[in-house]
Protein chains: 2
Amino acid sequence: MKKRIRIIDIAEKAGVSKGTVDRVIHKRGHVAPAVKKRVLAVMEELDYRPNVIASALAYNRVWKIAALLPNPDEDPFWRQPKNGIQKALNSTRDYGINVDFFHFPDADTKAYANCCDQILTGNYDAVLVAPVYYNEAHKFLNECEEISLKYFLINTYLKREDASFQCYVGQDSYQSGVLAAKLLDFGIEHGDAVMVLHLEKGVYNSKHLLEKEQGFQNYFIEHSNRNIQIIKTSYENPTDTNAFRKFINYQLKSYPNLKGIFVTTSRLYQLVDVLSEGQAEKIKLVGFDLIPANLDYLRAEKINFLINQNPVKQGYLGILNIFEHLVRKKEVTPIQHLPLDVVMQENLKYYLEADEKIHLMI
Amino acid sequence: MKKRIRIIDIAEKAGVSKGTVDRVIHKRGHVAPAVKKRVLAVMEELDYRPNVIASALAYNRVWKIAALLPNPDEDPFWRQPKNGIQKALNSTRDYGINVDFFHFPDADTKAYANCCDQILTGNYDAVLVAPVYYNEAHKFLNECEEISLKYFLINTYLKREDASFQCYVGQDSYQSGVLAAKLLDFGIEHGDAVMVLHLEKGVYNSKHLLEKEQGFQNYFIEHSNRNIQIIKTSYENPTDTNAFRKFINYQLKSYPNLKGIFVTTSRLYQLVDVLSEGQAEKIKLVGFDLIPANLDYLRAEKINFLINQNPVKQGYLGILNIFEHLVRKKEVTPIQHLPLDVVMQENLKYYLEADEKIHLMI
DNA sequence: TATATACATGTGCTCGAAAACAAAAATTAC
DNA sequence: GTAATTTTTGTTTTCGAGCACATGTATATA
């Protein structure tokens, strides 16, 4: 077991003081070229690795981070990323990471603008943004760019080329559509029909839903020998059960060879709500997200697959990337897609447990 | 942003010195009951949380860990857990975690016993064990128990009730069989037949293979309405391609309604090797492990699903649990099953990337 | 040569907790 | 009541790196 190399060890071996070694390490200048070379050589030779713990302690600086997210009390989905953020905080607190949350109520642009103002004038070192509203988000990010406020995106991808853009953590919408197609394809026969169904208002403004659809469609185009017919539909208000049931029954009658449905949102359970026993048995179903209503149907074997893109981890990795960037001064990967987990009744529990166990380390 | 509470803050508020607070925190005794009560009350009131960084630095102690694994140069599988161990080390080194590796060549019981001796007499604080050989492992763990050497198991589960047993991280063999059954079931028809195929020597000594088989079988027993016939087979030496091909052709002739095969080891690729184009297309295939040979066939859509139980993470979590136990003095969960990831061509890349990204934190 | 100036190098304090050590107070023994 | 002993409490050093400040050395300018 070899002794750990400290700055002082390098200093001694190079015949200088620790102050000089420190200046070399941090490139602070004021070191004679010959000395610098000697110090670097010794560092190389002894394979010096800074003690990150001592470093963090001595740094003793506080990093101000803002997190701009929809209100988790209104939209329960956001409880999970917020949870992940808080878990990351437990690991990073002693390194000086400090997060202020900014939540805005759904579709309240005034409150939203207010949040943005506070963040822009609040002297933050970085901001974690869920850019759920396309236009507003772009506007805010432009402003961040102006004051060189570094931003990290989670959940929804926005194409940005700014210097202030650091990284995105979230889903790969297109690929999740491809995956859904492959899953359904495995369970149906040559010549069957499948449906991609959006249960959401304003689908044609939601880029990620369209990407899912595109991925789904492209799979079957690339597997044209399977001769699968694709039906694209959307339905805005599945909460009105009776009307929705009529709509679905009409679809099933129109396409008697329909054997699989892909619901692009987390609302697959609302489709199952209106399917009869016989219908549900005949049609394979794929959807998103491990929310309780979906899980009930997954356990009852009425839903075949749920695709999961760990929302807790989104928040966790969001903060972790900020930590790596600010504290460790590392380059972060610009695009970080979360795994597309294929969840079934048989492997569900591991994914539910996994969220509890993100207790890792810095 | 609230200031972090330090020991000295508590000391001041309680009207004592930081030495006294320290004694209370660490239960070192030598504190008057009344004072202890006052200090605890202040700690509670100010919600004191120790600065783990400063704590780790001051501790300045080295933990000696031994890792007993098969030689990764002989069995490439073990390269991955070892990789995970090394990644965990990068995160924990500064906390004083120090690992010595002990590798034994395959089936060399003398070398194995030698490793064990070294570990038992080497004054280690904990040992991470992959108990691949049933009898030898039990013997070693008994000896650990005698000298109160704490052990942590990875990869293969051994039922132990000792006080020295801390936790197991690894696969859930039974459940992976159930999952494989469900996957195949989704792709076949009522009345078809499926095969569970062991490609390994000494199957009936390998408890985890039998558990996989059991899980597979029980799924179909519980779904008897599907009326699926189960064929159990094993073949010891698939490397002899010609003989193996004959064997498989014979099986396929014997069971013309065979529509799915579950290979219980990572050797599914050897089955695909001997299947003709036409045969591979008709039969759905499920197996284990993201090894290159399997991945080639997965990408070529000849393998339908690979079940993955992140081997890198096994090693990583093994060390992390030791860290949590020794350094953080936390209770660790005794049984920790890794997620059973369902891997297809369409979501493969995320799982391959994921291994790179375990860079998490302490 | 004296002095200002720039640059190179060394010293010492800091972060917060741990623990050895020193001092003070309380208790016991005689 | 005093000395010896035990118990309680306070002080100081340590961990390794960061950084402000002090000191030292060489070059330029008068």
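Each chain gets a letter, A, B and so on, in the order the sequences are listed, and its residues count up from 1.
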Whole-Å gap separating P (C:dG16) and CD1 (B:Ile10): 13 Å
note: B:His26, atom NE2; C:dG16, atom C1'; distance rounded to Å ~ 12 Å
Suppose the criterion is side chain to side chain donor-acceptor pair (under 3.5 Å): which pairs have a residue in residues 142-157 of chain A, not counting sequence neighbours? A:Asn142-A:Arg160, A:Glu145-A:Ser164, A:Lys150-A:His325, A:Tyr151-A:Arg160, A:Tyr151-A:Asp162, A:Asn155-A:Gln314
For A:Ala111, all residues meeting side chain to side chain contact (heavy atoms under 4.5 Å, CB included), sequence neighbours excluded: A:Pro105, A:Asp108
Of the listed nucleotides (D:dG18, C:dG16, C:dG10), which one gets closest to any side-chain atom of A:Ala58? D:dG18
How many whole angstroms separate atom CD1 of A:Ile53 from atom C1' of D:dT14? 15 Å
Verify the distance criterion only: is there a donor paired with an acceptor across the side chains of A:Gln166 and A:Asn321 at less than 3.5 Å? no
Over its full length, what angle do the end axes of the helix from C:dT1-D:dA30 to C:dC30-D:dG1 make, each axis taken from five pairs and the result rounded to 10 degrees? 60°
Could you list all the salt bridge (charged side-chain N to carboxylate O under 4.0 Å, His left out) pairs where at least one residue sits in residues 14-24 of chain A, not counting sequence neighbours? A:Asp22-A:Arg28
A:Ile25 CD1 to D:dA17 P, in whole Å, measures 7 Å
Please state how far atom CD1 in A:Ile8 lies from atom P in D:dG16, giving the value in whole angstrom units. 10 Å
Assign each of B:His30 and A:Ser55 to its nearest nucleotide of DNA chain D by heavy atoms, then name whichever residue's nucleotide is nearer the 5' end. B:His30
Go through the structure and list residues passing salt bridge (Lys or Arg N to Asp or Glu O under 4.0 Å) with A:Arg38, not counting sequence neighbours. none
Think A:Thr20 has a side-chain N or O under 4.0 angstrom from the OP1 or OP2 of C:dT9? no
Using a 4.0 Å heavy-atom cut-off across all strands, classify B:Asn60 as base, sugar-phosphate, or nothing. sugar-phosphate
List for me each residue that meets salt bridge (Lys or Arg N to Asp or Glu O under 4.0 Å) alongside A:Asp125, sequence neighbours excluded, and say none if there are none. A:Arg61
Options C:dG10, D:dG16, D:dG18, nucleotide nearest the side-chain atoms of A:Asn51: D:dG16
Between atom OH in A:Tyr95 and atom P in D:dG18, what is the gap in whole Å? 13 Å
So, for A:Cys167 and A:Thr333, which heavy atoms are closest and what is the spacing to 0.1 Å? CB-O, 3.1 Å
Name the residue closer to the 5' end of DNA chain C, choosing between A:Gly29 and B:Ala56 according to the nucleotide with the nearest heavy atom. A:Gly29
Map B:Lys18 and B:Ala54 onto DNA chain D by nearest heavy atom, then report which one ends up closer to the 5' terminus. B:Lys18
A correct 5'-to-3' footprint of nucleotides 20-28 of chain D, with B, S and - meaning base, sugar-phosphate only and no protein heavy atom under 4.0 Å, is ---------
Sequence neighbours excluded, the answer for ring-ring contact (aromatic ring centres under 6.0 Å, His included) partners of A:His138 is A:Tyr134
Is the backbone of A:Val24 close enough, under 3.5 Å, to the side chain of A:Lys27 for a donor and an acceptor to pair up by distance? no
Per the under-4.0 Å heavy-atom filter, residues of residues 38-49 of chain A near DNA chain D come out as A:Tyr48
What integer distance in Å separates B:Arg61:CZ from C:dA20:P? 13 Å
When you get a sec, tell me which of D:dC15, C:dA18, D:dG18 is the closest nucleotide to the side chain of B:Tyr59? C:dA18
Spacing between B:Leu57 atom CG and D:dC15 atom P, to the nearest angstrom: 9 Å
For A:Arg49, give me all partners under salt bridge (Lys or Arg N to Asp or Glu O under 4.0 Å), at least two apart in sequence or on another chain. A:Asp47
What residues, two or more places apart in sequence or in another chain, satisfy ring-ring contact (aromatic ring centres under 6.0 Å, His included) together with B:Phe101? B:His103
Under the salt bridge (Lys or Arg N to Asp or Glu O under 4.0 Å) rule, collect the residues that match up with A:Glu45, sequence neighbours excluded. A:Lys13
